[in-house]
Amino acid sequence: MTNTLNIVQAINQALMNEMELDNTVVVYGEDVGVEGGVFRATVDLQKKFGVKRVFDSPLAESAIVGTAVGMAINGLKPVVEMQFSGFSYPGFNQIISHVARMRNRSRGKYTLPMVIRSPYGGGIRALEHHSESTEAIFAQIPGLKVVIPSTPYDAKGLLIAAMRDPDPVLFWEPKRIYRAFKQEIPEGAYEIPIGKAKIIEEGTDITIVTWGAMVKDVQKAAEMVKVKGIKPEIIDLRTIAPMDRDSFVESVKKTGRILVVHEAPKTLGVGAEIISIVNEKAFLYLEAPPTRLTGFDTTFPLPRGERHYIPSPERIAKTIEDVVRY
Amino acid sequence: MKYEFRFPDIGEGIHEGVIMKWFVKPGDEIKEGDSLAEVETDKVTTEIPSPRTGKVLELMAKNGDKINVGQVFITIDTSDGAEAEVTKEVVEEETAGVVGEVIASSEVIPPSTEVIVQSAKSETTKVLATPVARKLAKDLGVDINNVIGTGPNNRVMKEDIYKFKDELETKAIQQHKVVQDKVSSTNLPVNEPITVSDDRIERIPITRIRKTISDRMTQSRFTIPHTTAMDEIDISKLVEFRKKYKDILREEDINLTYLPFIIKAVIVALKKFPEFNASFDMEKEELIFKYFYHIGIATDTERGLMVPVIRDADKMSILELSKAIQDVSIRAKENRIDLGELKGGSFTITNYGSIGGYFGIPIINYPESAILGLGRIVRKPIVVDDEIDIADILPVSLSYDHRIIDGASGARFINVLKDLLSDPDMLFLRA
């Protein structure tokens with residue numbers, strides 16, 4: 001059986017499915033219970049599974065994460081929500097000091113099977129602290145997995161995989177495309193392996209690596225350059241950490257060129273890491289400088305500025321041409 | 001297109017606000033970013049900017065009213081912009097988030113094509129090279145894909161590119177050595193060879209003969225500045241003369257053509273104007289005059305154009321020349337000619353008239369200094385003493401090396417031919 005859902009509905013269904021299958025799964029966070037989350041990702045969960053498994057927490061991110069550490073050690077699978085990724089900073093100490101290190105600190109005795117979900121990224125004309133793309137910050141911390149879906153199918157499959165993962169997974173949800181489109185997905189539970197990228201379009205002239213909400217924009221840009229005879233290969237990274245290096249290294253060996261498109265600021269971002277890997281592994285195949293098209297090194301702007309901040313399909317298309325014609 | 005703007009969450013956890021003051025009223029034209037109203041919440045007093053450009057349709061609350069997050073706050077007519085497209089997609093938003101504006105659309109994207117994920121391994125045929133080597137190749141105009149690499153894993157090294165470039169140049173020099181040596185200012189245009197694969201194209205390696213012809217023609221054409229003088233010679237008397245004897249001679253197996261007469265006339269002219277029986281040594285800056293008359297006869301064979309040489313033609317009678325021409329042309333066609341017989345000519349005659357041509361621009365048989373082309377003999381009306389007469393006309397085209405032969409000499413050379421060929425008696429006297 002299949003159903004046609006958008007990303008936020010797919011996430012809701014993933015939680016429903018897994019909570020039915022595994023009664024150790026516990027969902028909590030700010031407004032996730034009665035209200036069903038500010039984006040309604042957890043709607044109806046409390047009605048269905050009760051206040052013991054789905055409940056509202058205080059506005060205390062540090063406590064939300066810290067409690068989850070204790071729950072996970074003691075056999076539960078907490079799936080907590082940071083209302084926005086920009087609000088996760090008060091929980092940062094818990095994430096770095098405990099979540100990321102527990103397996104290592106206990107020499108493998110304890111793992112933390114927990115998921116920290118959070119809407120991330122801009123483009124919805126939100127307020128300060130609501131639009132950050134924080135994937136690089138977390139991806140650099142050993143012990144954390146960082147997953148970002150770009151379609152309803154992937155959102156559900158990856159979230160279920162995250163819930164079944166024995167280690168902590170940060171599941172960052174691109175809220176700009178929460179409801180931007182729908183996709184037919186299976187009603188039952190299924191997994192998409194964490195750590196595997198997907199070539200969503202095959203091409204020969206340039207490799208474009210992207211993830212999250214930028215995938216759609218890159219696809220639009222690809223359509224623009226195809227009429228000019230350029231065939232891009234598009235890779236949806238899907239998991240930022242651990243990174244599927246082979247996916248883009250092999251692709252660059254074929255195309256000779258790489259463009260990384262992300263919404264987060266440029267400096268010390270995930271794009272920089274990808275390009276370093278390309279330089280190490282595919283240097284001899286390069287026909288043009290590996291290039292990044294990203295957000296700017298500024299605080300994410302308020303509504304009037306955000307469309308200038310996020311790489312648009314037009315800017316992406318132009319950059320693709322620049323790299324291919326180098 | 002009517003756009004409903006819902007009151008956004010303007011601060012963490014805020015669920016409601018009070019409208020302190022509207023800045024717009026229905027009918028106002030507003031731009032995206034214009035302030036719509038001042039709103040006071042528990043935490044802040046802030047101005048709410050418009051998310052769209054358009055015309056205000058309706059304010060959904062009055063000054064002093066309380067408004068909840070997510071409640072429609074103002075409606076805007078956005079019909080004149082691309083925004084309309086977005087607006088129409090906003091559907092079924094009863095359960096949408098209350099923060100910001102999450103674009104909602106019922107667009108359905110294709111189902112995922114994948115259940116088990118794999119990152120495809122690509123079969124790559126790219127040459128290996130460092131970017132600096134690639135740049136070098138680009139700068140030198142070398143297609144790096146054609147270079148065979150000698151580095152680790154067949155990596156193309158910078159040295160390989162230089163070597164490849166050198167080899168290309170050497171090849172080019174060999175092909176156009178004379179050109180490059182002697183005519184440094186000549187910039188020859190080169191047709192790109194066809195490299196695409198196409199069923200309608202057949203590529204056949206050229207024969208050695210064709211290669212030789214090609215090389216020699218190229219060498220001649222681009223070394224010698226050719227010029228060609230053309231004229232028509234009335235040979236009516238010669239035609240009559242030949243007619244008189246050809247049948248008699250046929251009984252002796254002699255095919256009496258016009259060529260022996262022409263050779264005789266040419267030799268007279270060559271003796272008078274020795275620069276036509278010469279060659280030009282540019283390196284030594286010397287003219288080489290030849291006091292022998294080895295006349296090359298351009299002969300059409302199945303394998304291509306060959307030029308057997310009749311040696312010491314000046315010492316032969318018309319009939320001896322006839323036999324000699326017959327002999328070499330038959331042997332050339334039958335591929336029984338010795339290489340030595342194709343060498344050492346001093347002047348060449350090419351007779352395309354036998355096939356049908358009239359005038360031509362013959363290419364000099366390098367390193368000779370001139371070549372005579374013969375066209376088809378035709379009967380044509382001519383004017384003699386203001387009377388129209390009919391004559392047998394032989395068109396001639398004389399190409400010569402303009403470095404050593406001036407135009408006047410060319411014309412004088414042809415005049416000698418004219419005198420002798422139009423009057424066989426004079427030919428016999430002088431030859």
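Every chain is numbered from 1 and lettered A, B, ... according to where its sequence line falls, protein lines coming before strand lines.
Contact check for B/Leu128 versus A/Tyr285: side-chain heavy atoms found under the 4.5 Å cut-off. Using a 4.5 Å heavy-atom cutoff, the side chains of B/Ile109 and A/Pro152 are in contact. Looking only at side-chain heavy atoms (C-beta outward), B/Pro131 and A/Phe283 come within less than 4.5 Å of each other.
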Next on the checklist: The test is side chain to side chain contact (heavy atoms under 4.5 Å, CB included); show your working for B/Ser112 and A/Gln183 and say whether it passes.
Outcome noted: CA-CA 8 Å; B/Ser112 177; A/Gln183 192 179 29; 4.1 Å; yes

Item to check | Stepwise side chain to side chain contact (heavy atoms under 4.5 Å, CB included) test for B/Val102 and A/Phe39 | outcome: CA-CA 9 Å; B/Val102 177; A/Phe39 292 103; 3.4 Å; yes

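Of the two parts of A/Thr204, neither the backbone nor the side chain holds a non-hydrogen atom closer than 4.5 Å to a non-hydrogen atom of chain B. Looking at B/Lys138, the atoms closer than 4.5 Å to chain A (heavy atoms on both sides) all sit in the side chain, from C-beta outward.
Distance check, rounded to the nearest 0.5 Å: CZ of A/Arg304 to CG of B/Asp34 gives 7.0 Å. Atom OG1 in B/Thr130 sits 10.0 Å away from atom CG in A/Leu286 (nearest 0.5 Å).
Using a 4.0 Å cut-off between charged side-chain N and carboxylate O, B/Glu32 and A/Arg125 make a salt bridge. Checked for salt-bridge contact, A/Arg179 and B/Glu107 miss the test: no charged N lies under 4.0 Å from a carboxylate O.
Counting heavy-atom neighbours within 6.0 Å of B/Phe23 CZ, excluding the residue itself, gives a total above 12. Counted within 6.0 Å of CZ on A/Phe181, heavy atoms from surrounding residues, nucleotides or ligands total more than 12; the atom is thus considered enclosed. Sparse packing is recorded around CG of B/Asn153, with 12 or fewer heavy atoms of other residues, nucleotides or ligands lying under 6.0 Å away.
Counting only distance, with no hydrogens or angles, the side chain of B/Arg134 and the backbone of A/Leu284 share a donor-acceptor pair below 3.5 Å.
Highest contact tally toward chain B, considering only A/Arg176, A/Glu30, A/Lys216, is held by A/Lys216 [criterion: heavy-atom pairs under 4.5 Å].
Across every non-hydrogen atom of B/Ser105 and A/Ala180, the tightest pair is CB-O, 3.0 Å.
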